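Chain letters run A, B, ... following the sequence lines, proteins first, then strands; residues in each count from 1. Computed from a predicted structure; not experimentally measured. Below, each value reflects all heavy atoms present in this structure, side chains not excepted, and no hydrogens, waters or symmetry copies.
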There are 2 protein chains.
Amino acid sequence: MASPTPSANAFTQHDHAHCADTTLHKAEAVAAEKGVRLTPVRKRALEILLEEHRAMGAYEVLDRLAADGFGNQPPVAYRALEFLVENGLAHRVRRLNAFAACMRPGEEHAPVFLICRDCGEVAEAGADEVRQALLGAADRLGFHVERATVEALGLCPKCYQEAAQ
Amino acid sequence: MASPTPSANAFTQHDHAHCADTTLHKAEAVAAEKGVRLTPVRKRALEILLEEHRAMGAYEVLDRLAADGFGNQPPVAYRALEFLVENGLAHRVRRLNAFAACMRPGEEHAPVFLICRDCGEVAEAGADEVRQALLGAADRLGFHVERATVEALGLCPKCYQEAAQ
DNA sequence: GCAGAAATGTGATAAGGTAACATATCCGTG
DNA sequence: CACGGATATGTTACCTTATCACATTTCTGC
Ligand SMILES: [Zn+2]
Ligand SMILES: [Zn+2]
Ligand SMILES: [Zn+2]
Ligand SMILES: [Zn+2]
């Protein structure tokens, strides 16, 4: 099946236009397969999130959507974002009260976010071991995990190097 | 040194009055040792958080503080809570936009929160392996972690059993 | 074509969080 | 003790984030 491209992440220099385009097409395929409708607002919201590897606040997305002729009230953005999150096409980044496009739509994954506090880039790391460790810790207390939030704040490679100088 | 009491956690039946009292005293000791002032508002805020093993919103804490004769404006609560968080006496639970008393003040620990979606109880699990796994995953992308948020939403043992019937 | 379901537009409002500044308290020093 | 800087508190105002409720439109299966 569609193999992950482990080398392409937010912190690696890459052809992002292609990266975004590929991800959008994957998302469309996922939506089609799930039988859910990636309507114009929803698709546009996803495109906006995909423009950069960072998280955007709902109101920032809303402004962009409004500029494109969609409604300009909060529910417009929140509904589109909610749809994307529910269908695994975007994630919510709690620490930032913001949303980021999912870089691996359709792939089963427990998202781990690495958030650069300097440049704001957000990378989605696959980290099954983190999830395993979390499940283990929870299990020892008899807790049944349904959803997990794992987010790290720090410095991306680039900003770390710059800071070291 | 003060040994952790691994058996006492939010999901285990225990003498909570004693649990809260002990934790408050540990917090006082930590504050004294760090040379920071656990003033009346701050102490009261911590007591309020310690009343139950759950997270409280800032405004909920504020109402309680106001009822006790402290100010009734948001900064009153936010400042007290910020102090507690900065000094490791409380944690912020991002998924809930809320705060919870730290159950191991003074102990070095990477907090992992287990949040029951049914009864609202919040347990703080020690989970160094989770942190290790996260650091490992971050390192592979060249990311330098400074702070991490790890929170799981699900069902506590009690609520899981009840749901199974 | 038509009925029900799904999606969108819009106004209103709740909930969470911060900036700024005046006042009061604490605490080391002379 | 007194005074001056640092720390903490009170209070006003405001900003950001998020949700509710309800009317209108668009889609989909029949
Ligand atoms: Zn890219
Ligand atoms: Zn960076
Ligand atoms: Zn307890
Ligand atoms: Zn429970």
Exercise. Mind telling me whether A/Y59 and A/Y78 have parallel, tilted or perpendicular rings, with 30° and 60° as the class edges?
Key: perpendicular
Practice problem: Specify the angle, to 10°, made by the local axes at the two ends of the helix from C/dG1-D/dC30 to C/dG30-D/dC1 when five pairs are taken at each end. | Solution: 30°
Quiz item: Below 4.0 angstrom, N of the basic side chain to O of the carboxylate: do A/R64 and A/E47 qualify?
Solution: no
Quiz item: Would you call the rings of B/H109 and B/H91 parallel, tilted or perpendicular, where under 30° means parallel and over 60° means perpendicular?
Solution: perpendicular
Quiz item: Could you give the CD-to-C1' distance, from B/E60 to C/dG17, as a whole number of Å?
Solution: 16 Å
Quiz item: Given atom CG of A/D63 and atom P of D/dT16, what is their separation to the nearest angstrom?
Solution: 11 Å
Practice problem: Tell me whether the guanidinium CZ or amine NZ of A/R92 lies under 6.0 angstrom from the six-membered ring centre of A/F99 and within 45° of its axis. | Solution: no
Practice problem: With sequence neighbours excluded, tell me which residues meet side-chain hydrogen bond (donor to acceptor under 3.5 Å, both in side chains) with A/D68. | Solution: A/R44
What does the list of N/O pairs under 3.5 Å between the protein and nucleotides 2-5 of chain C look like, with a distance for each?
none

Quiz prompt | Side-chain donor-acceptor pair present, A/R94, A/T149, cut-off under 3.5 Å | solution = no
Quiz item: Which one of A/L96, A/V93, A/D63, A/I48 satisfies the side chain to side chain contact (heavy atoms under 4.5 Å, CB included) criterion with A/M56?
Solution: A/I48
Show each protein N/O and nucleotides 19-25 of chain D N/O combination with a separation under 3.5 Å, one pair to a line.
none

Distances under 3.5 Å between nitrogen or oxygen atoms of protein and nucleotides 5-8 of chain D:
| residue | atom | partner | partner atom | Å |
| --- | --- | --- | --- | --- |
| D/dA8 | OP1 | B/R42 | NH1 | 3.3 |

Exercise. Please determine if a side-chain N or O atom of A/N97 lies less than 4.0 Å away from the OP1 or OP2 oxygen of D/dA18.
Key: yes
Self-check item: NZ/NE/NH1/NH2 to OD/OE distance under 4.0 Å, B/E33 and B/K26
Solution: no
Practice problem: Mind listing the closest non-hydrogen atom pair of A/L62 and A/A77 along with its distance? | Solution: CB-CB, 3.7 Å
Quiz prompt | B/L38 CG - C/dC26 C1' separation (whole Å) | solution = 16 Å
Quiz item: Between atom CG in B/L81 and atom P in D/dT9, what is the gap in whole Å?
Solution: 12 Å
Quiz item: Roughly how far, to the nearest 0.5 Å, is CG of A/N9 from CG of B/L141?
Solution: 4.0 Å
Practice problem: Round to a whole Å and report the spacing from CZ of B/R95 to P of C/dG16. | Solution: 16 Å
Self-check item: Between CG on residue A/L49 and CE on residue A/M103, distance to nearest 0.5 Å
Solution: 8.5 Å
Exercise. Report the residues that fulfil side-chain hydrogen bond (donor to acceptor under 3.5 Å, both in side chains) with A/R117, sequence neighbours left out, ordered by chain and then residue number.
Key: B/E146
Self-check item: B/H18 ring center within less than 6.0 Å of B/H16 ring center
Solution: no
